[in-house]
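The basis for the numbers below is simple: all heavy atoms, side chains too, and nothing from hydrogens, waters or symmetry mates. Order of the sequence lines sets the chain letters (A, B, ...), proteins ahead of strands, with each chain counted from 1.
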There are 2 protein chains.
Amino acid sequence: MSKGEETRERILAIMEESVLQKGFGATSIEEVITEAGITKSGFFYHFQNKNALAKALLLRYLEREDVILDDVFNRGRDLAEDPLQAFLVGLKLLAELMANLPQEHPGCLVATCCYQESLFDREVRELNRRIVLHWRQRFRSLLEAIAERYPSRCEVNLDELADMVSATIEGGLVLGRATGDRQILPAQILLLRSYIRLLFEPDRATVH
Amino acid sequence: MSKGEETRERILAIMEESVLQKGFGATSIEEVITEAGITKSGFFYHFQNKNALAKALLLRYLEREDVILDDVFNRGRDLAEDPLQAFLVGLKLLAELMANLPQEHPGCLVATCCYQESLFDREVRELNRRIVLHWRQRFRSLLEAIAERYPSRCEVNLDELADMVSATIEGGLVLGRATGDRQILPAQILLLRSYIRLLFEPDRATVH
DNA sequence: CGGGTAACCGTACCGTGAGTACAGTTATGC
DNA sequence: GCATAACTGTACTCACGGTACGGTTACCCG
């Protein structure tokens with residue numbers, strides 16, 4: 001990594017932490033460059049403006065999220081070859097991961113962007129949109145494998161069900177952030193898990 | 001309503017529309033007072049600062065939300081006396097309501113506040129927290145009536161299940177906003193409804 | 001109908017933060 | 001060792017939140 005890339009990465013890391021903690025609008029360039037040990041000119045050498053920074057941040061975030069989700073659901077697949085069990089394990093691992101996040105868990109950058117729309121240009125919004133559709137695709141493919149093997153107890157659209165995973169995470173983050181209760185997000189993921197079980201898991205007397 | 005209250009209300013209405021569309025930080029006092037036809041002095045006569053405005057906005061929002069939710073779930077109760085059926089009808093009505101929102105559906109002020117935290121003081125954040133707990137209470141009481149009559153197929157915590165209603169709405173709003181697809185939110189509410197059915201509805205061959 | 005107060009207006013000002021301009025400087029990699 | 005990348009420094013502009021404060025208008029109440 002060249003020196004330039006290194007500085008750029010440092011800016012992004014500092015920015016991300018602050019944005020997730022305080023929001024995008026409330027994070028000033030000045031405080032970022034102070035912490036990064038550079039000057040304003042240095043900052044604008046790397047990023048045209050705050051918008052470009054947001055875009056880079058979203059891209060970086062997307063990649064990291066992908067790695068985390070890949071990891072969780074791949075481990076699920078390793079532990080159980082059945083697609084349903086694999087997904088359920090993945091959700092449980094995800095819930096555990098979210099429960100053990102270090103202090104003040106971060107929100108989601110996508111949601112942050114959502115509620116700051118006018119600060120960003122069309123390109124950023126389009127990127128935001130693509131991320132959500134990417135998540136849909138990710139979860140849909142897992143759900144398709146499940147639906148192929150197990151009939152669902154209730155007719156559901158797989159795209160919508162895939163969105164439900166994202167929506168649960170986003171919703172759980174909002175509530176967790178609003179209340180300051182970090183257990184809400186993992187609890188919501190486990191409720192989603194329970195729904196998936198009721199939907200696809202073959203009959204038993206009563207599930208517990 | 002006195003002239004002062006009228007102006008205050010006008011400010012709040014203009015502010016709310018803009019905040020839901022563009023976010024809190026991106027809505028300037030100047031543009032609000034221009035649209036309201038008053039001066040800066042006039043604005044600061046009514047509100048100490050932007051924070052006080054946010055607080056008033058949240059309170060107003062809470063009341064309106066309450067009216068809407070009361071209406072929807074009371075109508076559910078009127079249409080079916082069984083608490084489960086009443087809740088299911090309420091959810092369906094809510095989904096319909098959300099599907100038919102006029103253009104660019106607004107986000108949620110609570111979520112907006114969540115992702116702008118540092119802009120607000122402790123009082124606003126505390127208010128935000130209380131709103132979420134109020135929602136929990138609201139849905140919990142409906143769910144308790146259901147759980148009393150119907151055994152659940154799967155052990156669930158009623159507080160968490162109550163939160164799931166809020167989380168579904170918040171999550172659906174985020175996704176809808178990010179993608180620009182207004183159908184996501186109602187679809188998510190219907191999925192939640194399907195979960196409630198699977199959880200509590202007595203056995204039939206297959207639910208459709 | 002007079003007066004007091006609520007509901008503003010006008011003007012001038014400050015601090016902060018985004019962003020621009022542009023010339024100069026240091027460091028790095030080939 | 002030299003070109004270029006990676007900055008620094010200084011000096012602005014503009015928008016926005018917020019303050020200060022004196023003056024003005026409108027409304028309600030006795």
Next item on the list: Measure centre to centre between the rings of Phe24(B) and Tyr115(A), then say whether the value is under 6.0 Å.
Entry: no
Notebook entry, point to check: Quick one: does Asp181(B)'s side chain get under 4.5 Å of Val132(A)'s, heavy atoms only?
Noted result: no
Item checked: N/O (side chain, Ser2(A)) to phosphate O (OP1/OP2, dA5(D)) under 4.0 Å -> no
Item checked: Backbone N/O of Gly176(A) and side chain of Arg182(A): donor-acceptor pair under 3.5 Å -> no
Notebook entry, point to check: Between the two end axes of the helix from dC1(C)-dG30(D) to dC30(C)-dG1(D), each built from 5 base pairs, what angle do you get to the nearest 10°?
Noted result: 30°
Margin query: Tell me if the aromatic rings of Tyr195(B) and Tyr195(A) count as close, with their centers under 6.0 Å from one another.
Written below: yes
Next item on the list: Please name all residues satisfying side chain to side chain donor-acceptor pair (under 3.5 Å) with Thr34(B), sequence neighbours left out, ordered by chain then number.
Entry: none
Note to self: Do Thr7(B) and Tyr45(B) pair up side chain to side chain, a donor and an acceptor below 3.5 Å, judged on atom types alone?
What the structure shows: no
Notebook entry, point to check: To the nearest Å, how far apart are Lys3(A) NZ and dA5(D) C1'?
Noted result: 10 Å
Note to self: Below 4.0 Å from chain B heavy atoms, what is the first contacting nucleotide of DNA chain C and what is the last?
What the structure shows: dA6(C) to dT11(C)
Which atom pairs, one a donor and one an acceptor, fall under 3.5 Å between side chains of residues 51-59 of chain A and the rest of the protein, sequence neighbours left out?
residue, atom, partner, partner atom, Å
Asn51(A), OD1, Asp121(A), N, 3.3
Asn51(A), ND2, Leu119(A), O, 3.3
Lys55(A), NZ, Glu123(A), OE2, 2.4

Check: Could you state the CE-P distance from Met15(B) to dC16(D), rounded to the nearest angstrom?
Finding: 13 Å
Margin query: Applying side chain to side chain contact (heavy atoms under 4.5 Å, CB included) to Ser166(A) and Phe139(A), what does each step give before you reach the verdict?
Written below: CA-CA 9 Å; Ser166(A) 313; Phe139(A) 296 123; 3.9 Å; yes
Checklist line | Pairwise 5' ranking along DNA chain D for Thr39(A) and Ser28(B), keeping only the more 5' one | finding: Thr39(A)
Next item on the list: Kindly write out the residues that satisfy side-chain contact (heavy atoms from CB on, under 4.5 Å) with Glu63(B), not counting sequence neighbours, or none if the list is empty.
Entry: none
Item checked: Contact residues, residues 40-53 of chain A to DNA chain C [heavy atom, < 4.0 Å] -> Lys40(A), Phe44(A), Gln48(A), Asn49(A), Lys50(A)
Check: Do the side chains of Leu190(B) and Leu91(B) get nearer than 4.5 Å, heavy atoms only?
Finding: no
